[in-house]
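I have placed the structure first, in the form of structure tokens, so that the comments after it can refer back to it.
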Amino acid sequence: MSITSEKQLPEAVASWRDPEMDSVKGTETPKDPNKGYIALLGWSINAIKAAQKFDRRYIVVAPEWAADFCTANNIPFLPWDFIRLNDRSMEIAERLKEEGVDIAIPLFEETVEWSGAINSVLLDSPRMFGQSILFRDKALMKRRAQLGGIRVGIFEEAHEKEDIVRFMKRVNQTLLKLDGDPDDPIHVKAFDKAGCLGHRMIRKIEEIDNIPDEEYPLLMESHLDGWEFAVEAWIHDGKIQFLNISEYVTLGYSVFVPATAELESWRTAITKQIELLIKTFDIQFGLIHPEYFVTADGEMYFGEVAYRPPGFKAFELIEKAYGFNAYQASMLVFDPKSTKEEVAAFFPREVVDAKGYAGCFGVYPRRRVVSKLEMPKETIEHPYFESHELVAPAEETVPDRSAFGTHWGLLFFFGDDPIKMRDLLKAQEDLDFYV
């Protein structure tokens, strides 16, 4: 790829130039024409940087607003509006096929369906689009899991408030609740949003009134008391190549990798569940990010599975702990031209090859009115503290959190003791970062 000089660029475009990118410095890893040509669907600077240090050709498919940045930094780019679904939607697959692209990798939840549609054309495998729908529609996903013999909680779909009221009453009737007993909570989730977006725990019938009409339809689930955790599994030729267990300290707040010895003791059982998931969903390649619960009696329940990188910078945490680039790992297992030998040589051994424990914490303001960012001494003076992504508040009034809400930024930690890491992440919940 030819390198564009900054002097050749219009001033508005040149302002986006990053002199530290390999594509600007001229230090990008040479691309092997015998290996796959990859399309990255969505926008991730870290994924682009990883691609530049990898030996596969790549092209970024992202909205038009990324054009100037890509031009300024010599990044192969194809504009596409992922919001648009119409009779021209297959045009992107045809354009990528003409370009010679071998595979499309989704970087965000909203691009999973697009990747399925595109790959069904690139690989001449129409079933891939239907498979991608299973990864997007949580109700279909749970039905497919049930058909495969995977244990799930009770779930139904809600199209209006009365559906949730009936579901909550039925769940508590099933649990033999008597008049006066506190209701067992239920969960409601958006059908096709990532992570905690649109996720609410309903403890009282009256709380159902707080759900805006535009959030329907929803998925309703019974509450599972148990230890929730996540898995990142890279799959090639239908087999697990590397399986990381991410330990949640508090859902929506904090996570670290690898997990404690206590959770890692479940690795054999977890691996069997992932193998069952691979068989049930007929997954031949790629990266999956499922979530599970282990209950007090040792049963494992499936929560959901995503076919894209997880949130909370889990890829970056895995790289910090293990040393391999998780974005490159995904490019490797997605690429139909990768060999078994190349894949096997790429990954380290789980747990034993980890250099330490990497964790992150999502900060939510605890006050209604804030004026500045102030990092607590307990955080920045701790030997495990590494960095943060917090910025000064743009306004003083903190918006009400909808459902689980969206964090204001992440803190990053690294150390050699998983128990200290777990306790440190938990302690951040009691600190004020915005005052």
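- By the 30° and 60° cut-offs, the orientation of the rings of Phe315 relative to Tyr327 is perpendicular.
- Look at Glu28 and Lys25 and you find no salt bridge, because none of the NZ, NE, NH1 or NH2 atoms lies under 4.0 Å from a carboxylate O.
- The shortest non-hydrogen separation linking Phe167 to Ser222 is CZ-N, 3.9 Å.
- Contact annotation: the side chain of Asn73 approaches that of Arg17 to within less than 4.5 Å [non-hydrogen atoms, C-beta and beyond].
- Exactly one of Glu386, Glu319, Glu389 qualifies for a salt bridge (Lys or Arg N to Asp or Glu O under 4.0 Å) with Lys313. That residue is Glu389.
- Heavy-atom contacts from other residues, nucleotides or ligands closer than 6.0 Å to CD1 of Ile83 number 12 or fewer.
- Taken to the nearest 0.5 Å, the CZ atom of Phe82 stands 6.5 Å off from the CD1 atom of Ile92.
- Looking at Asn119, its side chain never comes within 3.5 Å of a backbone N or O of Ile103 through a donor-acceptor pair.
- Between Ile75 and Ser23, the shortest heavy-atom contact is CG1-OG, 4.3 Å.
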Problem set entry | Stepwise side chain to side chain contact (heavy atoms under 4.5 Å, CB included) check, Val121 with Leu96 | CA-CA 10 Å; Val121 173; Leu96 290 173; over 6 Å; no
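- With 3.5 Å as the limit, one finds a donor-acceptor pair spanning the side chains of Thr295 and Asp297.
- Salt-bridge check for Glu264 with Arg267: passed, with a basic side-chain N closer than 4.0 Å to an acidic carboxylate O.
- A salt bridge between Lys49 and Asp22 is absent, with no side-chain N of the basic residue lying under 4.0 Å from a carboxylate O of the acidic one.
- With hydrogens and angles ignored, the 3.5 Å screen pairs a side-chain donor or acceptor of Gln131 with a backbone N or O of Phe281.
- Each of Ile150, Leu277, Ile270 was evaluated against Pro290; a single residue qualifies, Leu277, per the side chain to side chain contact (heavy atoms under 4.5 Å, CB included) test.
- The pair Arg95-Glu91 meets the salt-bridge criterion, with a side-chain N (NZ, NE, NH1 or NH2) lying under 4.0 Å from an Asp/Glu carboxylate O.
- In terms of modelled atom types and a separation under 3.5 Å, the side chain of Ser338 and the main chain of Leu332 share a donor-acceptor contact.
- The environment of NZ in Lys420 is sparse: at most 12 heavy-atom neighbours from other residues, nucleotides or ligands sit within 6.0 Å.
- Within a 6.0 Å radius of CZ in Arg127, other residues, nucleotides and ligands contribute 12 heavy atoms or fewer.
- The closest donor-acceptor contact from the side chain of Ser330 to the backbone of Leu287 lies at 3.5 Å or more, if one exists at all.
- Remark: the Lys426 side chain and the Ser254 side chain contain no N/O donor-acceptor pair separated by less than 3.5 Å.
- Put simply, CD on Glu157 and CG on Leu219 are 7.5 Å apart, with the number rounded to the nearest 0.5 Å.
- Taking the side chain as every heavy atom from C-beta outward, Ile38 and Leu40 approach each other to under 4.5 Å.
- Contact of the Arg151 side chain with the Glu299 side chain is registered, since non-hydrogen atoms from C-beta on lie closer than 4.5 Å.
- Side-chain atoms of Glu350 and Asn244 form no donor-acceptor pair, as typed in the model, at a separation below 3.5 Å.
- Between the Asp416 side chain and the Gly356 main chain, no donor and acceptor come within less than 3.5 Å of each other.
- Judged by distance alone, the side chain of Lys138 and the main-chain N or O of Met220 form no donor-acceptor pair under 3.5 Å.
- Of all heavy-atom pairs between Val61 and Ala39, the closest is CG2-CB, 4.3 Å.
- The backbone N or O of Leu424 lies less than 3.5 Å from a partner atom in the side chain of Gln428, making a donor-acceptor pair.
- Minimum heavy-atom separation, Arg200 to Pro212: NH2-CD, 3.5 Å.
- Side-chain atoms of Asp137 come within 3.5 Å of backbone atoms of Ala139 as a donor-acceptor pair (strictly under, hydrogens ignored).
- For the pairing with Tyr37, the side-chain hydrogen bond (donor to acceptor under 3.5 Å, both in side chains) check across Lys337, Arg56, Glu99, Arg57 returns one residue only, Glu99.
- The side-chain heavy atoms of Tyr253 and Val363, taken from C-beta on, include no pair separated by under 4.5 Å.
- Residues Tyr384 and Phe414 are not in side-chain contact: their nearest non-hydrogen atoms beyond the backbone lie 4.5 Å or more apart.
- When each of Lys189, Lys142, Arg144 is checked for a salt bridge (Lys or Arg N to Asp or Glu O under 4.0 Å) with Glu304, only Lys189 meets the rule.
- Between Glu374 and Tyr434 the shortest side-chain heavy-atom distance does not fall below 4.5 Å.
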For this session: Carefully, step by step, assess Thr71 and Phe77 under the rule side chain to side chain contact (heavy atoms under 4.5 Å, CB included).
Result: CA-CA 8 Å; Thr71 300; Phe77 173 71; over 6 Å; no
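- Between Glu429 and Arg366 there is no salt bridge, since no side-chain nitrogen of the basic residue lies less than 4.0 Å from a carboxylate oxygen of the acidic one.
- Exactly one of Phe242, Tyr357, Phe347 qualifies for a ring pair (Phe, Tyr, Trp, His ring centres under 6.0 Å) with Tyr322. That residue is Phe242.
- Put simply, the side chain of Phe433 reaches to within 4.5 Å of the side chain of Met375, judged on heavy atoms.
- In this model, a donor atom of one side chain and an acceptor atom of the other lie less than 3.5 Å apart for His289 and Glu232.
- For the residue pair Met331 and Ala47, the shortest heavy atom distance occurs at CE-O, 3.6 Å.
- Within the 4.5 Å cutoff, the side chain of Phe256 has heavy atoms near those of the Pro418 side chain.
- When atom types are taken as modelled, the side chain of Thr111 and the backbone of Trp114 share no donor-acceptor pair closer than 3.5 angstrom.
- Classification of Glu110 and Arg136 as a salt-bridged pair fails, no side-chain N sitting under 4.0 Å from a carboxylate O.
- In Lys53, the NZ atom is not crowded: 12 or fewer heavy atoms of neighbouring residues, nucleotides or ligands sit closer than 6.0 Å.
- Not a single donor-acceptor pair under 3.5 Å links the side chain of Glu247 to the backbone N or O of Ile245.
- Taking the six-membered ring where tryptophan is involved, the planes of Phe285 and Phe334 are perpendicular, since the angle between them exceeds 60° and thus also 30°.
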Exercise. Are Trp227 and Leu263 close enough, and set up right, to give a side chain to side chain contact (heavy atoms under 4.5 Å, CB included), and what steps lead you there?
Worked result: CA-CA 9 Å; Trp227 194 354; Leu263 183 52; 3.6 Å; yes
For this session: Any chance you could lay out the salt bridge (Lys or Arg N to Asp or Glu O under 4.0 Å) test for Lys31 and Asp55, step after step, and finish with the verdict?
Result: CA-CA 4 Å; Lys31 308 309 179 187; Asp55 59 2; over 6 Å; no
Problem set entry | side chain to side chain contact (heavy atoms under 4.5 Å, CB included) evaluation trace for Trp16 with Leu9 | CA-CA 10 Å; Trp16 289 103; Leu9 298 170; over 6 Å; no
